[in-house]
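See structure below.
Naming convention: chains lettered A, B, ... in sequence-line order (proteins, then strands); numbering from 1 in each chain. Only this structure's heavy atoms are used, side chains among them; waters, hydrogens and symmetry mates stay out.
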Protein chains: 2
Amino acid sequence: MATLGDVAARAGVSISSVSRVLSNHPAARISEATRRRIVEAAEELRYRPNFAGRALKSARTQVIGLVLPDLTNALSTDLMHGAEDEAREHGYTMLLGRSDALSPVSEVIARLIGEGRVDGMVLQLADGVPAAGIGDLLDTAAPVVLLNETHPGHVGSVALDDVTGARIATQHLIELGHERIAMVNGLPSSFTAQRRRTGYRTAMKAAGLRVPRGYETRLGYFAPDGRAALRRLMTLSPAPTAVVVANVNAAVGLLAEARQARIAVPRRLSVICVHDSWTAENTWPPLTAVQMQFYAMGRAAVRNVLDRIENGVLRDDVILDPPPQLIVRNSTARPPRATR
Amino acid sequence: MATLGDVAARAGVSISSVSRVLSNHPAARISEATRRRIVEAAEELRYRPNFAGRALKSARTQVIGLVLPDLTNALSTDLMHGAEDEAREHGYTMLLGRSDALSPVSEVIARLIGEGRVDGMVLQLADGVPAAGIGDLLDTAAPVVLLNETHPGHVGSVALDDVTGARIATQHLIELGHERIAMVNGLPSSFTAQRRRTGYRTAMKAAGLRVPRGYETRLGYFAPDGRAALRRLMTLSPAPTAVVVANVNAAVGLLAEARQARIAVPRRLSVICVHDSWTAENTWPPLTAVQMQFYAMGRAAVRNVLDRIENGVLRDDVILDPPPQLIVRNSTARPPRATR
DNA sequence: GAGGTCAGATCTAACGTTTGCGCAAGCCGG
DNA sequence: CCGGCTTGCGCAAACGTTAGATCTGACCTC
């Protein structure tokens, strides 16, 4: 690969001049003629600035790390897409990382930030990872932005408007005439689950509806959790006529369980979930959902990191725009007559 | 961040000694006492080797690029997962890139390889991207491995065993007693579509079945393509009783179209697809599929790149182990009586 | 005791880039 | 015609790391 030196030799000038011209140094005083010769030589040699040399000198890599607990998640892909787009528009590249049992968060951070591989990173913690070792985040050399999580003493996070999302879902069921509405939520330790719970309770309270004992399960965000939750709910008396599921994956499991238990959806039980994804379109019946803006969150997360790096701005973001959006499909309907 | 110099000062030795100890230089002659002092000092200062310095000196980044046309694809996630695991096990990090209209392949390669950001890369071309500018791949400084694609004069690719995958799918239908079996395939220009076609034709021929005119559509791999294909097939007379769909996304679309057109699956039409993904589990009816090993492909692709970098081995891989695997769900059945 | 070997450690150059500083030449006003 | 300013460019140091070459004693051999 051609270096600055090669270009300089071919153009008959010094390395410094080449550097100044090619990196558009503002205070560079170079004659038009020389500038042209340099640009020409650079093109002929297909010069590309060497990443390592530049990073070493400037202590900047123009790389943002995105570290997720699970890459194989439909929700992660939108997020990645958004992050990638935003990064690229600002001339940054994305480094993808994963944190799990084999490489705990602290390890990944040490590697990416400690070794100076990234200028900043977006980090999503796995559900249930305690805020324990997270204090290390604070004194790193590069900014870390947390997804769907805040941490005392740490500024820099991006979250979706989960409260509104859950509220919209609940309101949809209320407007259809349901009164016995249950919630299938994530683990109590989950930040998002707490917020979705708030949205659900707020909507119920506003409509003057009560939440009977046992109507709120908090088993987790995965398909088996949704199945287990449905089994539990249907033992209650009176059983709910509708359920707000806090996560699309759990809803898919719940729907499968309903089919198996011969509970007709939506005739006997309406189901709505928070999070839309293309899987929701392809369940049977197609799942009514509240679309959360993961793509926007990805963009916002990278923007947050960049604002921190380039302007020193500290910020906790909540994605309010675009707002969560109700996508009505076929898993919700008016409650069965007997209960009206 | 602490540098070698800092560690050296604290341990009271020279920088070179620190470097040799911490990077486990084989020919290093350092006394046990000094070694201990250095290691201790390094730990106290939380020393981490600076990535840029190391990369500049050694012309190695320990980073592998993975460039895909579309990150938001269920199949990409398994692939990424596999690539990530393999890379990590070898001490490499993964850089994720996307190639599309905004940043064409040549641009991405120039950025990643030309600037020395990666030591090698795995590249999946978008369907329909011609082999045109791809010649540039050959003379890059770092190895490029193509996914599901070969290019004349370029060695270094990893592909799934599409022929066998399609053959297994077709055989499953044949064993159920079907005789009028259609294929819904990808674009003729697609490398994988060509290979899946071969598998389908081979199985049909082996069973002594013919492929009537119009029984083979080649519209593409997306859901709308699957819908269009079904509409076309059902105008034929006699209509097929079963269909092999070359891709799960198209199959999902086809299934939705069938539901809309009130074509009962599998009673009137059996549907099987190549590619399994969790979406296939959640269609209605759940989709019988041939599971292709994307995770394994991700691992193999990275291994291929690494073998090239570290051992200079050139290789075209086809993932034969584990083999494509038939996952029987509920979208296939014996043909309707009238046609037997 | 001179010459040689060897372990243990340091010196130094180099990777490619950026940037503060210096220097020469040209131009201006006084 | 001289001091001061501007323009155009080169010199050289620095970023953190690695590795070949070199230095310094101590020890051994004859």
Side-chain angles (χ1 to χ4, degrees), chain A residues 1-39 41-42 45-63 91 111 113-119 141-142, chain B residues 1-39 41-42 45-63 111 113-117 119 141-142:
Chain A
M1 285 287 116
T3 70
L4 279 184
D6 300 336
V7 178
R10 173 172 267 254
V13 295
S14 75
I15 292 184
S16 352
S17 299
V18 178
S19 171
R20 282 188 246 262
V21 166
L22 296 183
S23 54
N24 281 318
H25 196 90
R29 294 171 311 192
I30 308 280
S31 73
E32 219 17 77
T34 310
R35 185 179 296 271
R36 248 203 321 277
R37 276 218 317 288
I38 290 176
V39 170
L45 294 175
R46 297 176 179 283
Y47 170 78
R48 282 266 165 179
N50 178 272
F51 163 64
R54 191 170 258 188
L56 181 57
K57 179 64 191 167
S58 60
R60 283 289 189 81
T61 61
Q62 303 279 104
V63 174
R111 186 173 170 86
I113 296 187
E115 297 183 7
R117 287 173 177 269
V118 301
D119 292 343
Chain B
M1 285 287 117
T3 70
L4 279 183
D6 300 336
V7 177
R10 173 173 268 252
V13 296
S14 75
I15 291 184
S16 348
S17 298
V18 178
S19 171
R20 282 190 240 264
V21 167
L22 296 182
S23 54
N24 281 318
H25 195 91
R29 293 173 310 193
I30 307 279
S31 72
E32 218 17 77
T34 311
R35 184 181 297 271
R36 248 204 321 278
R37 276 218 317 289
I38 290 176
V39 170
L45 295 175
R46 297 175 180 283
Y47 170 77
R48 282 267 165 179
N50 179 273
F51 163 63
R54 191 171 260 188
L56 180 58
K57 178 64 189 166
S58 62
R60 282 291 188 79
T61 62
Q62 303 278 109
V63 174
R111 186 174 170 85
I113 296 187
E115 297 184 5
R117 287 172 177 269
D119 293 343

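- Between the side chains of A:S16 and A:S19, no donor-acceptor pair is found at a separation under 3.5 Å.
- Residue A:V7 is tested with A:V18, A:V13, A:V21 for a side-chain contact (heavy atoms from CB on, under 4.5 Å); the sole match is A:V18.
- Taking atom CZ on B:R117 and atom P on C:dT17, their separation rounds to 13 Å, with Å as the unit.
- Under the salt bridge (charged side-chain N to carboxylate O under 4.0 Å, His left out) criterion, A:R35 pairs with A:E32, not counting sequence neighbours.
- In terms of phosphate contacts, B:S17 brings no side-chain nitrogen or oxygen within less than 4.0 Å of OP1 or OP2 of C:dG8.
- Within the 4.5 Å cutoff, no side-chain heavy atoms of B:D119 are placed close to those of B:V63.
- A residue-by-residue look at A:R48 and B:V13 shows that B:V13 has its nearest nucleotide of DNA chain C further toward the 5' end.
- In this entry the distance linking CG of A:N50 with P of C:dA14 reads 18 Å, nearest Å.
- When all heavy atoms of A:I113 and A:A141 are compared, the closest pair comes out as CG2-N, 4.0 Å.
- Proximity of a side-chain donor or acceptor of A:R37 to a complementary backbone N or O of A:A11 within less than 3.5 Å is detected.
- Within the 4.5 Å cutoff, side-chain heavy atoms of B:I30 are placed close to those of B:S17.
- Along DNA chain D, the nucleotide nearest to B:R20 and the one nearest to A:R35 differ in position, and the one closer to the 5' end is contacted by A:R35.
- One atom, CG of A:L4, and another, C1' of C:dC15, lie 13 Å apart when rounded to the nearest Å.
- Nucleic acid contact for B:I30: sugar-phosphate only, since backbone atoms but no base atoms lie under 4.0 Å from a heavy atom of the residue.
- A donor-acceptor contact shorter than 3.5 Å is absent between the side chain of A:R60 and the backbone of A:A55.
- Taking the 5' to 3' direction, DNA chain D first and last meets chain B under 4.0 angstrom from a heavy atom at D:dG16 to D:dA21.
- Put simply, A:H25 has a side-chain N or O that comes within less than 4.0 Å of OP1 or OP2 on C:dT19.
- Contact between B:M1 and A:G114 at its shortest, heavy atoms only, is SD-O, 3.8 Å.
- Shown for residues 53-61 of chain B: residues whose heavy atoms fall under 4.0 angstrom of DNA chain D, namely B:G53, B:R54, B:K57.
- Listed candidates were C:dG16, C:dT10, C:dT18. Nearest to the side chain of A:T3 is C:dG16.
- Residue contacts for B:S31: at a heavy-atom cut-off of 4.0 Å it reaches the sugar-phosphate backbone alone, with no base atom in range.
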